[in-house]
Amino acid sequence: MKFNGKVSIVTGAASGIGFAIAQALAKEGANIVIADIDEKGGKKAFKTILKIGSDSLFVKTDVSNRVDCKKLIDKTVKSFGRIDILVNNAGLQHVAPITDFQEDKWNLLINVMPTGTFLCTKYALPYMIKQKSGRIINISSVNGLIGMKFKSAYVSAKHGVIGFTKTLALEMAEHNITANAICPTFVRTPLVDKQI
Ligand SMILES: NC(=O)c1ccc[n+]([C@@H]2O[C@H](COP(=O)([O-])OP(=O)(O)OC[C@H]3O[C@@H](n4cnc5c(N)ncnc54)[C@H](O)[C@@H]3O)[C@@H](O)[C@H]2O)c1
C-alpha cells in the first residue's frame with residue numbers, strides 16, 4: 001500500500017494505459033479521480049476502481065477545455081481535500097502525410113496533449129504548492145524523442161510535453177513538486193489498434 005490515502009488524478013483513465021495506471025495506483029491504496037472525455041468508458045473504469053476498494057470519482061473532462069480542467073481540479077479538492085499525484089495521460093493519434101494533414105486534426109492533437117497537460121497542471125499547482133508536495137507524471141511517447149513519418153502532430157505534441165515537463169521540474173523543485181515524463185513505445189491499446 002505504497003500510495004495509501006494519496007489523491008491521484010489520471011486523465012484519459014477510461015481506457016488503455018491511463019486505465020492501467022489508475023488500477024495500479026488504486027491497488028496501492030490511492031484514491032483515484034478518473035478524468036476522461038468518454039463518459040461511458042469513464043463510468044465503467046470508475047466501477048472497476050471501486051471494486052478494487054479505492055475511493056474514486058469520475059469527472060467528465062475534455063482536457064483541451066480550460067473550464068473543464070479547472071472544474072476537474074476543484075471537484076477533486078472539494079471531494080478529497082488535496083491532490084498528491086497528477087497523471088497527464090489523455091491523448092490521441094492521427095496519421096497522415098503533412099501535405100494532407102487536416103488542420104483541425106493538428107489543432108486537436110496539440111490542444112489535447114501539450115495544452116491539456118499544461119491546463120491540468122496549471123490549475124493543480126496552487127494546491128500542490130500550498131501542500132509543499134506533489135508528483136506530476138506526463139505521458140509523452142518515444143515520439144517525444146524521435147520523429148516518425150506521418151505523425152507530425154503527434155510527434156510535435158509529444159516533444160512539447162517533454163519540453164513542458166523539463167520547465168515544470170525546474171520551476172517547481174523549490175516546492176518539493178517533481179515532474180517526470182514517461183516515453184512508452186508501442187502498447188497494445190485502442191489507440192494503437194486504430195493505427196493497425
Ligand atoms: N499505446 C501506445 O502505444 C502509446 C505509446 C506511447 C505513448 N502513448 C500515450 O499514452 C497515452 C494513453 O494512450 P492509450 O494508448 O492508452 O490510448 P487509449 O485510446 O486507449 O486511451 C486514451 C484515453 O484518452 C482519452 N481522451 C482522448 N481525448 C481526450 C480529451 N480531450 N480529454 C480527456 N480525455 C481524452 C480517451 O477517451 C481515452 O480514454 C496517450 O497520451 C498516448 O499518446 C501510447
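For ligands, and for the atoms within them, numbers begin at 1 and follow the listed sequence.
Heavy atoms of Asn143 found under 4.0 angstrom from ligand 1: none, in either backbone or side chain. Contacts of Leu191 with ligand 1, taken as heavy-atom pairs under 4.0 Å, involve both backbone and side chain.
Look at Leu92 and you'll find every heavy atom at least 4.0 Å from all atoms of ligand 1. Contact analysis puts Thr185 in contact with ligand 1, with a non-hydrogen atom separation below 4.0 angstrom.
You'll find the side chain of Asn138 stays beyond 4.5 Å of the side chain of Asn180, heavy atoms only. You'll find the side chain of Leu50 stays beyond 4.5 Å of the side chain of Ser54, heavy atoms only. A heavy-atom distance below 4.5 Å is found between the side chains of Tyr127 and Asp74. Counting only heavy atoms from C-beta outward, the side chains of Lys105 and Gln93 never approach each other to under 4.5 Å. Residues Pro184 and Ile139 form a side-chain contact, since some pair of their non-hydrogen atoms from C-beta on lies under 4.5 Å apart. For the pair Asp55 and Phe80, the minimum side-chain heavy-atom distance is below 4.5 Å.
The shortest contact between atom 6 (C) of ligand 1 and any protein heavy atom is with Pro184 O, 3.2 Å. In this structure, the protein non-hydrogen atom closest to atom 8 (N) of ligand 1 is Tyr154 OH, 3.5 Å. Among protein heavy atoms, atom 3 (O) of ligand 1 sits closest to Val187 N, 2.6 Å. Among all non-hydrogen protein atoms, the one lying nearest atom 32 (N) of ligand 1 is Val63 N, 3.0 Å. The protein non-hydrogen atom at the shortest distance from atom 15 (O) of ligand 1 is Thr189 OG1, 2.5 Å. Here the protein heavy atom with the shortest distance to atom 33 (C) of ligand 1 is Thr61 O, 3.1 Å. Nearest protein heavy-atom neighbour of atom 29 (C) of ligand 1: Ile37 CG2, 3.7 Å.
Taking every non-hydrogen atom of Lys158 and a distance limit under 4.0 Å, the qualifying atoms of ligand 1 come out as 40 (C), 41 (O), 42 (C), 43 (O). Within ligand 1, the atoms closer than 4.0 Å to a non-hydrogen atom of Phe186 are 3 (O), numbered from 1 in the order shown. Within ligand 1, counting atoms from 1 as listed, the ones closer than 4.0 Å to a heavy atom of Asn89 are 10 (O), 11 (C), 12 (C), 40 (C), 41 (O). The distance from ligand 1 to the heavy atoms of Ala90 drops below 4.0 Å at these ligand atoms: 24 (O), 33 (C), 34 (N), 35 (C), 41 (O). Less than 4.0 angstrom separates some heavy atom of Ser15 from each of these atoms of ligand 1: 18 (P), 20 (O), 21 (O), 38 (C), 39 (O). In the vicinity of Asp62, heavy-atom distances shorter than 4.0 Å reach the ligand 1 atoms 30 (C), 31 (N), 32 (N). When each atom of ligand 1 is checked for a heavy atom of Val192 under 4.0 Å away, the hits are 1 (N), 2 (C), 3 (O). The distance from ligand 1 to the heavy atoms of Asp38 drops below 4.0 Å at these ligand atoms: 37 (O).
Selection from Ser140, Gly144, Gly91 by nearest heavy atom to atom 7 (C) of ligand 1 gives Ser140.
In this model, a donor atom of one side chain and an acceptor atom of the other lie less than 3.5 Å apart for Thr121 and Asn88.
Heavy atoms from other residues, nucleotides or ligands lying under 6.0 Å from NZ of Lys151 number more than 12.
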(message) Go through it in stages, so that I can follow the logic: the residues are Arg82 and Asp84, the test is salt bridge (charged side-chain N to carboxylate O under 4.0 Å, His left out), and I'd like the CA-CA distance, side-chain angles, deciding distance and then a yes or no.
(response) CA-CA 7 Å; Arg82 54 189 292 119; Asp84 297 294; 2.8 Å; yes
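The pair Arg188-Asp193 meets the salt-bridge criterion, since a charged nitrogen lies less than 4.0 angstrom from a carboxylate oxygen. Ionic pairing of Arg66 and Asp68 is not present here: no N-O contact between side-chain nitrogen and carboxylate oxygen is shorter than 4.0 angstrom.
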